Amino acid sequence: MTIYDPTKIPGDVYDTHTHLNDDALYHDVAAYVGRAHEFRVMEMNVVGYDAQANLRAIQIAHDFADEGVRAIVGFQPEDTGRFDAAAQELLRQQLSDPAVIGVGETGLDWHFKGFDRQTQLAAFEKHLQLATEFDLPVTIHMRDSFDDIYRILQEQGIKKFEMHSFAGDWHQAEKLVNLGGYISFSGMVTFKNAKEIHEAAKVVPLDRLLVETDAPYLAPVPNRGKTNEPAWTKFVVDGLAAILGIDRDELAQITMRNGHRLWPKK
């Protein structure tokens, strides 16, 4: 029996980027998947970011395949120092797993100091090459690195990608969409002072919008500051729908369709 009023919950929602493989959530994946379903978050991508997280993502996707859970695997920018030849070969093998639907998260992060830029750039390009080899979409982490990411995507002709937890401006969003990308909004879009993100959301065509939690991070209002979870994609839908001035059920359906277009069900 549901413990929530279904009349106050939007239609089925797709959390396109969550980290049930993170220590903060991994201890009780079944509970988080169950609560997500209570909120009608019926599908989710568990996204890897290092060797252990990739293994966990695949294991979760197999264990909860019937609950709409799938895996994306890769090495996030700050972990690319561990992305050596052996890690790349293992990743290539993992991309053949039927539970894996994409490459990522990968990308570039120039915000934090102490990480080697050339290592990040080389790893990002190798991830894109794997995505091309397997004809899979790429989930991209971008922080203070738009120019380099845009240039590399152009050079490699990457058309299928999700710019996850988008925090850029409307000019960047427009240019990424023109490349063929989808723009995914996280709980940040519900933050009152995130005006730049709000303006970016308004220029993204409806058929290129996605929603995510990036759990356990970036919990949306009204739970900002708490440990995030996939169920709260509902609040991202609510906030984004309010910004765009459309019905939340309609937005839930639109973003679900967009997710299925980028990651067709196998």
Side-chain angles (χ1 to χ4, degrees), residues 14-23 25-27 29-30 33 43-109 115-116 118-142 149 152-153 155-164 180-182 184 210 212 214-215 230 259-266:
Y14 189 165
D15 182 356
T16 65
H17 191 113
T18 189
H19 295 296
L20 290 174
N21 46 354
D22 187 279
D23 286 345
L25 304 177
Y26 186 65
H27 64 282
V29 172
V33 172
E43 296 183 46
M44 62 190 78
N45 299 337
V46 179
V47 182
Y49 46 86
D50 63 18
Q52 176 178 263
N54 290 338
L55 289 172
R56 286 180 174 182
I58 294 171
Q59 171 249 312
I60 293 168
H62 279 283
D63 290 348
F64 294 91
D66 292 340
E67 281 75 36
V69 180
R70 296 184 288 175
I72 293 171
V73 292
F75 281 70
Q76 66 183 352
E78 53 262 49
D79 286 293
T80 51
R82 302 183 181 93
F83 189 62
D84 56 16
Q88 183 177 351
E89 182 54 36
L90 177 58
L91 185 61
R92 175 179 280 107
Q93 295 172 22
Q94 292 171 328
L95 292 172
S96 297
D97 190 301
V100 175
I101 60 168
V103 177
E105 64 185 271
T106 182
L108 303 172
D109 192 323
F115 295 105
D116 184 78
Q118 291 307 311
T119 299
Q120 283 196 35
L121 286 163
F124 182 43
E125 292 186 4
K126 289 174 183 175
H127 278 77
L128 297 182
Q129 290 162 9
L130 285 170
T132 299
E133 177 183 339
F134 286 88
D135 191 26
L136 290 172
V138 189
T139 292
I140 299 175
H141 171 114
M142 179 181 76
I149 283 180
I152 293 169
L153 291 174
E155 290 173 354
Q156 296 212 17
I158 302 298
K159 302 295 183 185
K160 296 192 298 185
F161 64 90
E162 169 198 37
M163 193 59 60
H164 111 84
Y182 290 71
S184 182
L210 298 169
E212 64 170 277
D214 199 21
H260 290 163
R261 190 182 310 114
L262 185 58
W263 298 285
K265 291 186 176 181
K266 296 183 180 180

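Just so we're clear, the structure is a prediction, and the values are computed from it rather than from any experiment. Computation of the quantities below employed the complete heavy-atom set of this structure, encompassing side-chain atoms and omitting hydrogens, waters and symmetry-equivalent molecules.
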Does CZ belonging to R82 count more than 12 external heavy atoms closer than 6.0 Å?
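No, CZ of R82 has 12 or fewer neighbouring heavy atoms, counting only those of other groups under 6.0 Å.
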
Identify the heavy atoms of [X] and [Y] that sit nearest to each other, and give their distance.
X	Y	result
P77	L108	CG-N, 3.7 Å
T106	A123	OG1-O, 4.4 Å
A99	H62	CB-NE2, 3.8 Å
I149	M163	CG2-CE, 4.1 Å
W263	P137	CD1-CG, 3.6 Å
D214	E212	CB-OE1, 3.5 Å

Going by the rule salt bridge (charged side-chain N to carboxylate O under 4.0 Å, His left out), which residues pair with D63 if we only count those two or more places apart in sequence or in a different chain?
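Salt bridge (charged side-chain N to carboxylate O under 4.0 Å, His left out) list for D63, sorted by chain: empty.
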
Quick one: [atom1] on [X] to [atom2] on [Y], what's the gap to the nearest 0.5 Å?
X	Y	atom1	atom2	answer
D109	Q120	CG	CD	6.0 Å
T80	Q118	OG1	CD	11.0 Å
L55	D50	CG	CG	9.0 Å
F64	Q59	CZ	CD	8.0 Å
L20	I60	CG	CD1	5.5 Å
Q94	L90	CD	CG	4.0 Å

Classify the angle between the aromatic ring planes of H19 and Y49 as parallel (below 30°), tilted (30 to 60°) or perpendicular (above 60°).
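Correct class here is perpendicular.
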
Would you indicate whether the side-chain heavy atoms of [Y] and [X] approach each other to under 4.5 Å?
X	Y	value
F83	H127	yes
L153	L128	yes
F75	K126	no
V100	F134	no
E125	I152	yes
L130	R92	yes
R56	V29	no
Q129	T132	no

Pair E162, T16: side-chain N/O donor-acceptor within cut-off below 3.5 Å
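Indeed, the side chains of E162 and T16 share at least one donor-acceptor pair under 3.5 Å.
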
According to side-chain hydrogen bond (donor to acceptor under 3.5 Å, both in side chains), who are the partners of D22, at least two apart in sequence or on a separate chain?
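D22 satisfies side-chain hydrogen bond (donor to acceptor under 3.5 Å, both in side chains) with Y217 once adjacent residues are dropped.
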
Is [X] reaching over with its side chain to a backbone N or O of [Y], donor-acceptor style, under 3.5 angstrom?
X	Y	answer
K160	D135	yes
N45	R70	no
H164	S184	no
N21	A53	yes

